[in-house]
Visitor: 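Following this message is one structure expressed as structure tokens.
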2 protein chains.
Amino acid sequence: MVQPGDNPAERPKAAVMEDVAELAGVSAMTVSRVLNTPEKVRPETRARVLAAVRELDYRPNSAARVLVTGRSGALGVVSFDTILFGPASTLYGIERAARENGYLVSIASLPALTRRSIAEGVDRLRSQSVDGVIVIAPHESAGEGLRHLPAGLPVVDVGGAKDVPVPVAAVDQHAGAVRATRHLLSLGHRTVWHLAGPPNWVESSGRLKGWREALEAEGREVPVPMVGDWTAHSGYEIGKRLAREDGMTAVFAANDHMAMGLLRALREVGRRVPEDVSVVGFDDVPEAAYFWPPLTTVRQNFGEVGRLAFQLLLDRIGGVEGDTRRLVEPELVVRESTGMSS
Amino acid sequence: MVQPGDNPAERPKAAVMEDVAELAGVSAMTVSRVLNTPEKVRPETRARVLAAVRELDYRPNSAARVLVTGRSGALGVVSFDTILFGPASTLYGIERAARENGYLVSIASLPALTRRSIAEGVDRLRSQSVDGVIVIAPHESAGEGLRHLPAGLPVVDVGGAKDVPVPVAAVDQHAGAVRATRHLLSLGHRTVWHLAGPPNWVESSGRLKGWREALEAEGREVPVPMVGDWTAHSGYEIGKRLAREDGMTAVFAANDHMAMGLLRALREVGRRVPEDVSVVGFDDVPEAAYFWPPLTTVRQNFGEVGRLAFQLLLDRIGGVEGDTRRLVEPELVVRESTGMSS
DNA sequence: TTCCTGAGTGTTTGCGATAACAAGTGATGG
DNA sequence: CCATCACTTGTTATCGCAAACACTCAGGAA
């Protein structure tokens, strides 16, 4: 038996369950019970054990626990472009929900958005024994990547395409685009142009479709959409072309940053917003209210999406089946970049 | 011995090392060696084992490995406000560096920035057996939180105050502020006003100090700094007051979003930028070039900070001692929001 | 021949926790 | 007065892997 003192080196190794047990005068099993099912231990014993835990600053070793229980209390998030407002906010929502439920979050950000790298990200997380994985990869290729998953690993997708074979939490992009478009039509504009997001992004398609259908439902002409890449820069470049279009009085931009670039392009060619052209964005980034002019946009509650995704995953981990699809309603925020058609 | 088929239920349990060993006709130890020290195994044996690994889609169980080796190949990040551009970018930089080095990242975001919650975040990560922790908590109170750390856990701080008792990776805020201020003075402005960040944030103090010292070094009058909270909203509110100041021709805002609010406030009272007032921001958020006018600002290379922080942590894990302090130089990006004093 | 060397492989043990089962206590009831 | 039960606590086995040590077998040195 190794006694304290046998070892001349004075490295204060972290206490283990046995140490706590010894100090409290019980068996290790009782310590385990105090930590996991306290109601099964006599109050006095429990108190003694807890005192010992505090005195030794004992922390259960999660690796050992994982090994025997098969559950880690950690979930993984596979994501792309966590610097963007949307993914970052979603991640934050997930993290908060996880924390409140005693879960820890590991992240695997992707170098690129391909089936391969998604599968690889899931794998890296799986090898860390996460209890489940949330994928934030709003690209149509994600569906592919999610089709060949290790069996038995609960996976939830955020903002996924329709055919994703796992539960999905997302903002209703279509509804948001419809709202934005109708808002512009209701101000008297003959039709609405669209500054779309990059192809094959789930949000791009959803917003494009919503915009088109809203126009068609009213029998309006559907202009050719212009395609950007989410950046203010692309909004600016495209905006310069768009600004030359005759009769263009209303634009629905697929996100706020492109709308920002567009605003600048319009200003540079002397088209006033909202007097000459109305602009609607999408996202409601915190600074949208301070654009010039303050941007009318569609607010997405990313935090709520994160919370829903976590809840779905928790259900899955708990054994609930079924390919659920949970949608969050976006909200139109009217500011000063939209006005009556003149 | 349990044979495949003993169990009527057809749950395809994940393969373990023993399964691979059996299929390859070797012992489990040899499999372990193939995975960890391949050069110690005869090539033919190695090939047989690797084939078996692939056939069974075997993944080592990291919990078991952690238990026996004491190292997890995961690091933790404690952070606050991961939605903001700075922390999000830093986190991304860390994640990328970690991935390239085979590390996984767990995050513990803080509900508030206090000594208590920092300590708690570190604890949550420690209980997951991370090999080390990076703290992104640019608040002066972080120093306190870092003073009482579990012994033996390598910790690195990002953007920390001077007295933080652990290695630090950060952008040289002071130098950035000096550069911004000198730039304005060099344009002929008599002095420079400052729209500061919230008190007790490391960045706020660093930028404030740099600004003040740059003015003092030239013997200029030092106006009373106005204090915001990083948001465009606060920049706008304060900007409305600032705009009434007589003789105010140059402002250094402590971040781009406050500068954005300031730009709007100036416009509203009819002061032109840069003709009447010059404005410099800090951060160079991707959309800064599309502000109206395009914002002169100080670019921080957050990705580089993340990389350095990871490197420092890796050194620490490897046993390197010493309280290193690694600074990244910021860069002044001149755009159109600054001009000669009229 | 005998011994040694070292590359390659196998066996045993233990990391720290929990599951499953065992056992001790006192109370209950027939 | 003893069987039985509920409650509390202890004992043993096990999770999957790697460290430490043991073994085998060639080829070369003595």
Side-chain angles (χ1 to χ4, degrees), chain A residues 1-2 6-7 11 13-50 52-53 56-74 126-131 152, chain B residues 1-2 7 11 13-50 52-53 56-74 126-129 131 152:
Chain A
M1 181 66 61
V2 174
D6 277 19
N7 193 325
R11 34 152 191 170
K13 274 190 52 180
V16 300
M17 199 170 259
E18 187 61 42
D19 303 331
V20 176
E22 206 167 317
L23 181 59
V26 297
S27 73
M29 194 62 230
T30 298
V31 176
S32 171
R33 272 190 279 255
V34 168
L35 268 33
N36 298 302
T37 51
E39 73 282 2
K40 292 191 177 172
V41 176
R42 189 147 38 95
E44 305 113 73
T45 315
R46 197 190 308 159
R48 272 214 319 285
V49 170
L50 289 176
V53 165
L56 297 177
D57 190 29
Y58 167 74
R59 314 265 139 187
N61 177 319
S62 84
R65 175 182 278 160
V66 171
L67 193 55
V68 64
T69 62
R71 314 178 98 240
S72 63
R126 181 166 67 125
S127 79
Q128 288 280 322
S129 316
V130 296
D131 294 339
Chain B
M1 184 66 58
V2 174
N7 194 326
R11 33 151 190 173
K13 272 190 54 178
V16 299
M17 200 172 259
E18 186 61 41
D19 303 331
V20 177
E22 206 166 320
L23 181 59
V26 296
S27 74
M29 195 60 232
T30 297
V31 177
S32 172
R33 271 191 278 256
V34 168
L35 268 34
N36 298 302
T37 52
E39 73 282 2
K40 293 192 176 172
V41 176
R42 188 146 39 94
E44 305 112 74
T45 315
R46 197 191 308 160
R48 273 215 319 286
V49 170
L50 288 176
V53 165
L56 297 177
D57 190 29
Y58 167 74
R59 316 262 137 189
N61 178 318
S62 85
R65 176 181 277 161
V66 171
L67 194 54
V68 65
T69 62
R71 313 178 101 239
S72 63
R126 181 165 69 124
S127 79
Q128 289 279 322
S129 318
D131 294 339

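Because the structure is a prediction, the values reported are computed rather than measured. Below, chain A is the first sequence line, B the second, and so on; all start at residue 1.
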Visitor: Tell me which nucleotide among dA17(C), dA19(D), dT18(C) gets nearest to the side chain of Pro60(A).
Guide: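 Nucleotide nearest to Pro60(A)'s side chain: dA17(C).
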Visitor: I want to confirm an ordering. Mapping Ala28(A) and Glu39(A) to their closest nucleotides on DNA chain D, which one lands closer to the 5' end?
Guide: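 Looking at the nearest nucleotide for each, Glu39(A) comes out on the 5' side.
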Visitor: Look at Thr69(B) and dC17(D) and indicate whether a side-chain polar atom (N or O) is within less than 4.0 Å of OP1 or OP2.
Guide: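 Answer no for this pair, as no side-chain N or O of Thr69(B) is under 4.0 Å from OP1 or OP2.
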Visitor: Taking the side chain as C-beta and beyond, is there a heavy-atom pair between Asn36(B) and Arg65(B) under 4.5 Å?
Guide: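 Heavy-atom side-chain distance check passes, below 4.5 Å.
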Visitor: Please pick, from dC15(D), dT9(C), dC15(C), the nucleotide with the shortest atom-to-atom distance to any side-chain atom of Val68(A).
Guide: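 The answer is dC15(D), which lies nearest to the side chain.
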Visitor: Hey, is the side chain of Arg65(A) poking within less than 4.0 Å of OP1 or OP2 on dT18(C), counting only N and O atoms?
Guide: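 Yes, within the criterion.
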Visitor: Please classify the nucleic acid contact of Val16(B) as base, sugar-phosphate, or nothing, using heavy-atom distances under 4.0 Å.
Guide: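 Sugar-phosphate, no base atom in range.
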Visitor: What is the distance, to the nearest angstrom, from the CG atom on Asn36(A) to the P atom on dG16(C)?
Guide: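 It works out to 17 Å between those atoms.
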Visitor: At 4.0 Å (heavy atoms only), tell me whether Val26(B) reaches a base, stays on the sugar-phosphate, or touches nothing.
Guide: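 If one applies the 4.0 Å heavy-atom cut-off, Val26(B) turns out to touch the sugar-phosphate alone, with no base involved.
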Visitor: Asn61(A) vs Val16(A), test: side chain to side chain contact (heavy atoms under 4.5 Å, CB included). Steps then yes/no.
Guide: CA-CA 8 Å; Asn61(A) 177 319; Val16(A) 300; over 6 Å; no
Visitor: Figure out the CD/C1' separation between Glu18(A) and dG14(C), and round it to whole Å.
Guide: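 About 14 Å, once rounded to whole Å.
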Visitor: In whole Å, I'd like the distance from the CG atom of Leu35(A) to the P atom of dA17(C).
Guide: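 Atom-to-atom, Leu35(A) to dA17(C), this comes out as 9 Å.
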Visitor: Does Ser62(A) reach a base, just sugar-phosphate, or nothing at all? Heavy atoms under 4.0 Å.
Guide: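 Answer is nothing: Ser62(A) stays at 4.0 Å or more from every strand.
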Visitor: Does the side chain of Val26(B) reach to within under 4.5 Å of the side chain of Val31(B), using non-hydrogen atoms?
Guide: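 Val26(B) reaches Val31(B) side chain to side chain.
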Visitor: Measuring from Arg48(B):CZ to Arg42(B):CZ, what's the distance to the nearest 0.5 Å?
Guide: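 Here the rounded value is 7.5 Å.
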Visitor: Could you tell me the separation between the CD atom of Glu44(B) and the P atom of dA7(C), rounded to a whole number of Å?
Guide: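 Result: 16 Å.
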Visitor: Mind checking Met17(B) for me? I need base, sugar-phosphate or nothing, with any heavy atom below 4.0 Å counting as a touch.
Guide: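 The residue Met17(B) makes sugar-phosphate contact but no base contact.
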Visitor: So Thr30(A), base contact, sugar-phosphate only, or nothing? Heavy-atom distance under 4.0 Å.
Guide: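 Here Thr30(A) touches the backbone only, sparing every base.
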Visitor: Specify the separation, in whole Å, of atom CZ of Arg71(A) and atom P of dG16(C).
Guide: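 Spelled out: CZ on Arg71(A) to P on dG16(C) is 24 Å.
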Visitor: In whole Å, I'd like the distance from the CZ atom of Arg33(A) to the C1' atom of dT8(D).
Guide: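 So the two atoms are 8 Å apart, to the nearest Å.
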Visitor: How close or far is atom P of dC21(D) from atom NZ of Lys40(B), stated in whole angstroms?
Guide: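 Interatomic distance, NZ of Lys40(B) to P of dC21(D): 14 Å.
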Visitor: Can you identify which nucleotide, out of dT8(D), dC17(D), dG10(D), has its nearest atom closest to the Ser27(A) side chain?
Guide: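 For the Ser27(A) side chain, the nearest candidate turns out to be dG10(D).
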Visitor: Considering only dC17(D), dG16(C), dA18(D), which nucleotide approaches the side chain of Ala64(A) most closely?
Guide: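 From the listed options, dG16(C) comes nearest.
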Visitor: Working note: Arg126(A) + Asp57(B), criterion salt bridge (charged side-chain N to carboxylate O under 4.0 Å, His left out); need CA distance, chi angles, decisive distance, verdict.
Guide: CA-CA 12 Å; Arg126(A) 181 166 67 125; Asp57(B) 190 29; 3.6 Å; yes
Visitor: Can you tell me the distance, in whole Å, between the CZ atom of Arg126(A) and the C1' atom of dG16(D)?
Guide: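 One finds 15 Å between C1' of dG16(D) and CZ of Arg126(A), rounded.
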Visitor: Just call it for Val66(B): base, sugar-phosphate, or nothing, with non-hydrogen atoms closer than 4.0 Å on any strand.
Guide: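 No contact.
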Visitor: Ignoring backbone atoms, test whether Asn61(B) places a side-chain nitrogen or oxygen under 4.0 Å from the OP1 or OP2 oxygen of dC15(D).
Guide: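 For dC15(D), OP1/OP2 do not have a side-chain N/O of Asn61(B) under 4.0 Å.
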Visitor: Under 4.0 Å, counting only non-hydrogen atoms across every strand here, what does Val41(A) touch: a base, just sugar-phosphate, or nothing?
Guide: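 Result for Val41(A) = sugar-phosphate.
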Visitor: Does any non-hydrogen side-chain atom of Leu35(A) lie less than 4.5 Å from one of Tyr58(A)?
Guide: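 Counting from C-beta outward, Tyr58(A) and Leu35(A) do come under 4.5 Å.
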Visitor: On DNA chain C, check which nucleotide each of Gly25(B) and Leu67(B) is closest to and give me the residue with the more 5' one.
Guide: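 That would be Gly25(B).
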